[in-house]
Amino acid sequence: MQKLVKPMEAADQPKNIAQVSPSGSDTSPKFVYRAWYCGAWADELGDNLLARRILNEPIVMFRDEQGAAHAISDICPHKFAPLHLGKHLGNTVQCPYHGLEFDGSGRCMHNPHGDGKVPGAAKVRSFPLLEKWGVLWIWMDPDFAPDESLLPDFSQLTDPGRRTIKGMTHVKGNYQHSLDNLMDLGHAMYLHQASVGTTGTMPKVEQKVVQDGKSVSDLRLYRNMMAPRFYAQHFPDPSREMDFWSDVQWFPVSLARNFVGAAYPGNARTADSVNQLGAHFLTPETHKSSHYFFANSRNYALDDAAADAAWVTWQETALSKEDSSMVEAIQQYEADVERLGMRPVLLTVDAAGMRVRRLIQQMTESA
Amino acid sequence: MQKLVKPMEAADQPKNIAQVSPSGSDTSPKFVYRAWYCGAWADELGDNLLARRILNEPIVMFRDEQGAAHAISDICPHKFAPLHLGKHLGNTVQCPYHGLEFDGSGRCMHNPHGDGKVPGAAKVRSFPLLEKWGVLWIWMDPDFAPDESLLPDFSQLTDPGRRTIKGMTHVKGNYQHSLDNLMDLGHAMYLHQASVGTTGTMPKVEQKVVQDGKSVSDLRLYRNMMAPRFYAQHFPDPSREMDFWSDVQWFPVSLARNFVGAAYPGNARTADSVNQLGAHFLTPETHKSSHYFFANSRNYALDDAAADAAWVTWQETALSKEDSSMVEAIQQYEADVERLGMRPVLLTVDAAGMRVRRLIQQMTESA
Amino acid sequence: MQKLVKPMEAADQPKNIAQVSPSGSDTSPKFVYRAWYCGAWADELGDNLLARRILNEPIVMFRDEQGAAHAISDICPHKFAPLHLGKHLGNTVQCPYHGLEFDGSGRCMHNPHGDGKVPGAAKVRSFPLLEKWGVLWIWMDPDFAPDESLLPDFSQLTDPGRRTIKGMTHVKGNYQHSLDNLMDLGHAMYLHQASVGTTGTMPKVEQKVVQDGKSVSDLRLYRNMMAPRFYAQHFPDPSREMDFWSDVQWFPVSLARNFVGAAYPGNARTADSVNQLGAHFLTPETHKSSHYFFANSRNYALDDAAADAAWVTWQETALSKEDSSMVEAIQQYEADVERLGMRPVLLTVDAAGMRVRRLIQQMTESA
């Protein structure tokens, strides 16, 4: 059941939203632990040991002999050596320093020293992993069992009726700045002029913000405009005016799916449209950096290498450079924003993003 | 009206001066705001957006359609994006992220979103700029109107009877370390042996320290010496002994003019002398870094490209490398100096520099 | 008189040792000052000024006209310029900034300014140096006279019956992590597989830990094994099983000598064996970095350039890369270890290392 949220007018900002400042959330930063995060693309993990810091935890991922993926703490409890510098031995990771071996549950399975007894304290934390839709989803809360029902649907990623292009980048910024970016796709009109073919002006838009349980959607429709080149080029007559939409939906805590496309007037969001589903997973590395996993799944030109290349270019320019550079620039000004006590001025475009910030803040407080 | 200040003997240091340690001023650092700083050379600013951090404020400078220069905060009040990454549109700067436009007064002149109303809070701080003598002077105090009478005379920079060579560098050091350097030009005998042609020994010097209101001068005259090559080479017989002087005058807070030259005995500081006026503007970037603007205006060899090149070399070696490297090395030892509780030992050469430090400390305390 | 210490079983760890965590020692880190440290290899110091930070003190070393080595503070007491950027003038160092000259006792011997009187405060701290066995040993405690009897015997370094290969590296890690490494040479079975020719498994070992006064030794004998290639290759029949031993002895605070070799069964540690003495001096630079001086003195192949090269390679790979990279990786996890409140799990191999940590902790507390 959906609840419609009227887009906020600037003059109509609720006081309590105005206090959820981007900088405020970093003054005493907390992570949300009771949630699924993208730990890795599943195909990043073969026979290798994959080290990654997630929610500030140093983690090493590996597969056992049955191919099941595991994630354990990367810090050996003996001398604190990084396990990922060791060897992958069947079902275990062998510490590079003294040869202790740990399995996917974090238990030490072998101590080569002395009488070989394993000290009771010789274990590391294990993090539940769920492999689904080509993603290794990681559960970071040690106090609650992982709950698969909390995982939103990203079946698009392995939908045989779509073509998916994946990638990732590292962002030197808090993940919430990236979520701000995603929850207001209108920024494309300015920030992505080069990559998406927008014109640097803001066309008239019909905007709706919808909250469905803990999920928040921002829906935008631009009628009778010259659609951005990226989409228009797949139509017989790209010079005709079209309807263009860019919808985005957020799921706790750092997952978003966007739905963008163009169609001749009256056909927006129908089967006749040229559309793509975007997946955006912003996994916090630290409070000031993130792993940004992205994928674009299109319903057109499925076997078209040029279309593949165009989406690779899109990811390398719009997502990895334009969006992420902006997030990093904002992160660099964070200390100034805090020093100056600045509060963000809210515009109509921020209704969804601020709602997301408020929900995240509630989650950090209740956790 | 000038007040003569006897150079201090090392044994005769006033207690209160001895307590103005270079490190002390950085333990609880404060800037002086009620003053003109060099924000930029005027010719740095054409159609571009010029970003610069000054007294720890991120600032963007631009010219309006009439050519008047403006300086406003670089942090967009909406999502805290850096305005200097946006576009220069006539009289405004357009934010790169969502297209808000700000004019030189800091007001938001255009909101392309929703009904286009501009939220009352959508404004940024504006910093008064005064363009004079080829400099964009910036006034950093929000509580006091800019006072042009506080600007000392640097008309030398655009004096048609002189030839001026300008430049700037970035120094990873507190500006007061650079002022120490300038207020004791005797350091040239050691630090600038390569660039200025000194000999690594200290000749006999007549030194006077003069305070005139809030300005401090250090005047030095070396009689009957072999003048440094840099000056001597412009005389018919460079092998004759000459009088050589190097005077320097400081104006609050970070402006200095030096007057250096050589003449045959008895002609020091007269029209027959070969002299140059140096301008040195040390604009604090942070408490640990500075923008160093420098200019040398000579009264000889006005149309001499070789003389131009010599002064460019001087700026690149003596000022940007020798002086600034020394300041940076001192800055790097600052944490050690504080940890060890070191107080600077004072020599006669420090009389002017310590007076300047004391005046700056008074200004920070009264501000 | 030696006291035998039984190797600890993991289940038998004394509570007070368990509390000497590697991270714990860095939470409120202290250095031990009443000890000799390796300041430099003697042949690093000729006519040059040698700057080195030791126990967080910036120091400059130089030789006087008689060749005697001196170490004084590198911070000029006048303007805090680094003396090592100045000139070496016979018996003094001349400050690069204003020409003050300091001799090896730290006294200012020349002030070129004003009347030339030297202010009483114009002096720097001097650190006693002892040149012996090719090492400049430095004494860091200002409150106690240097005590040569505290210097352990490293005459091996200049023993004409041995061939010594020396080197040094910089380690971005606390010196105690490096001592942990040295006090458990069994790590070679895992960490040095490539460089030393071990097999990545742990052979049966006879281990003894001996404390002799304030010195701690860890003695290990592996009987009837295939000796590591590095040693076996010097025997007529390298394919025979041998006895292999690796002993290490620690002396306060950061000096270690190891004794490693191979022999046909029954000849371990005898004149018939192929052995080498290693010297390892870990001089703290800061609490998070060290100067690692190492030397290997062998009793075989004295005039063999290939053996020289092999030991150079050993130092460049096993010591500078494998060991030091591990120490640096552990240092990088230190903040995580502290945040997570991790205590090291102890194994039998840690008996000597933990005893060393406990003795160092006692020294920091009594100092």
Side-chain angles (χ1 to χ4, degrees), chain A residues 29-31 49 51-60 72-90 92-102 106-108 110-125 127 140 142 285-288, chain C residues 6-13 18 21-23 173 176-177 180-181 183-194 198-207 220 322-323 325-340 342-351 353-354:
Chain A
K30 286 180 188 170
F31 294 120
L49 298 174
R52 189 158 284 159
R53 184 175 288 267
I54 297 178
L55 273 59
N56 220 11
E57 298 288 344
I59 286 170
V60 59
I72 61 176
S73 168
D74 192 43
I75 309 178
C76 179
H78 173 221
K79 287 289 174 195
F80 311 140
L83 294 177
H84 78 271
L85 297 179
K87 284 187 185 169
H88 185 192
L89 300 175
T92 65
V93 179
Q94 184 192 53
C95 178
Y97 205 4
H98 298 89
L100 295 185
E101 294 175 30
F102 299 89
R107 276 188 308 167
C108 178
H110 182 57
N111 169 14
H113 303 285
D115 60 9
K117 275 197 290 191
V118 173
K123 57 192 173 195
V124 295
R125 185 176 162 193
F127 301 83
M140 299 298 295
E285 181 186 51
T286 68
H287 287 291
K288 297 188 175 178
Chain C
K6 211 166 59 87
M8 278 184 298
E9 294 303 311
D12 187 37
Q13 298 155 5
S21 81
S23 61
Q176 294 196 56
H177 297 318
D180 282 347
N181 178 284
M183 295 312 292
D184 165 29
L185 295 180
H187 74 259
M189 300 302 170
Y190 296 92
L191 193 58
H192 301 314
Q193 290 178 46
T198 48
T199 58
T201 57
M202 193 66 200
K204 188 171 177 344
V205 61
E206 297 165 27
Q207 181 188 3
R220 303 201 189 177
E322 292 162 352
D323 282 334
S325 296
M326 179 56 66
V327 164
E328 295 183 348
I330 287 170
Q331 182 70 44
Q332 283 178 27
Y333 272 164
E334 191 169 79
D336 295 294
V337 164
E338 290 183 5
R339 179 176 50 81
L340 296 166
M342 291 176 77
R343 293 278 180 73
V345 170
L346 298 188
L347 306 178
T348 53
V349 294
D350 301 316
M354 293 314 288

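Just so you know, these numbers come straight off a predicted model, no measurement behind them. Heavy-atom basis, side chains included; hydrogens, waters and symmetry copies ignored. Lettering of chains follows the sequences in order, A, B, ..., and the numbering in each one begins at 1.
- Within the model, atoms OH of Tyr190(C) and CD of Gln94(A) stand 6.0 Å from one another, a figure rounded to the nearest 0.5 Å.
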**Request:** Would you please test Asp350(C) and Lys79(A) for salt bridge (charged side-chain N to carboxylate O under 4.0 Å, His left out) and show each step?
**Result:** CA-CA 10 Å; Asp350(C) 301 316; Lys79(A) 287 289 174 195; 3.8 Å; yes

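- Taking both residues in full, the closest heavy atoms of Leu347(C) and Pro119(A) are given as CD2-CG, 3.7 Å, listed atom of the first, atom of the second, then distance.
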**Message:** Using the rule given for side chain to side chain contact (heavy atoms under 4.5 Å, CB included), can you reason through His78(A) versus Leu346(C), listing the C-alpha separation, both sets of side-chain angles and the distance that settles it, and then say yes or no?
**Reply:** CA-CA 6 Å; His78(A) 173 221; Leu346(C) 298 188; 5.7 Å; no

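- Considering all non-hydrogen atoms of both residues, Met342(C) and Cys76(A) come closest at CE-O, 4.4 Å.
- Once rounded to the nearest 0.5 Å, the distance linking OG of Ser73(A) with OH of Tyr333(C) reads 7.5 Å.
- Shown here for Phe80(A) and Pro344(C), the closest heavy-atom pair between the two residues is CZ-N, 3.5 Å.
- Considering CG of Asn56(A) and CG of Leu340(C), their distance stands at 8.5 Å, rounded to 0.5 Å.
- Heavy atoms of other residues, nucleotides or ligands lying less than 6.0 angstrom from CZ of Arg53(A) number more than 12.
- With a 4.5 Å cut-off on non-hydrogen atoms, Met326(C) touches chain A through its side chain but not through its backbone.
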**Asked** Run the side chain to side chain contact (heavy atoms under 4.5 Å, CB included) check on His113(A) and Gln207(C) step by step: do they pass?
**Response** CA-CA 11 Å; His113(A) 303 285; Gln207(C) 181 188 3; over 6 Å; no

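- Take Arg339(C) and apply the salt bridge (charged side-chain N to carboxylate O under 4.0 Å, His left out) test, not counting sequence neighbours, and it matches Glu57(A), Asp336(C).
- Contact between Leu85(A) and Ala329(C) at its shortest, heavy atoms only, is CD1-CB, 4.3 Å.
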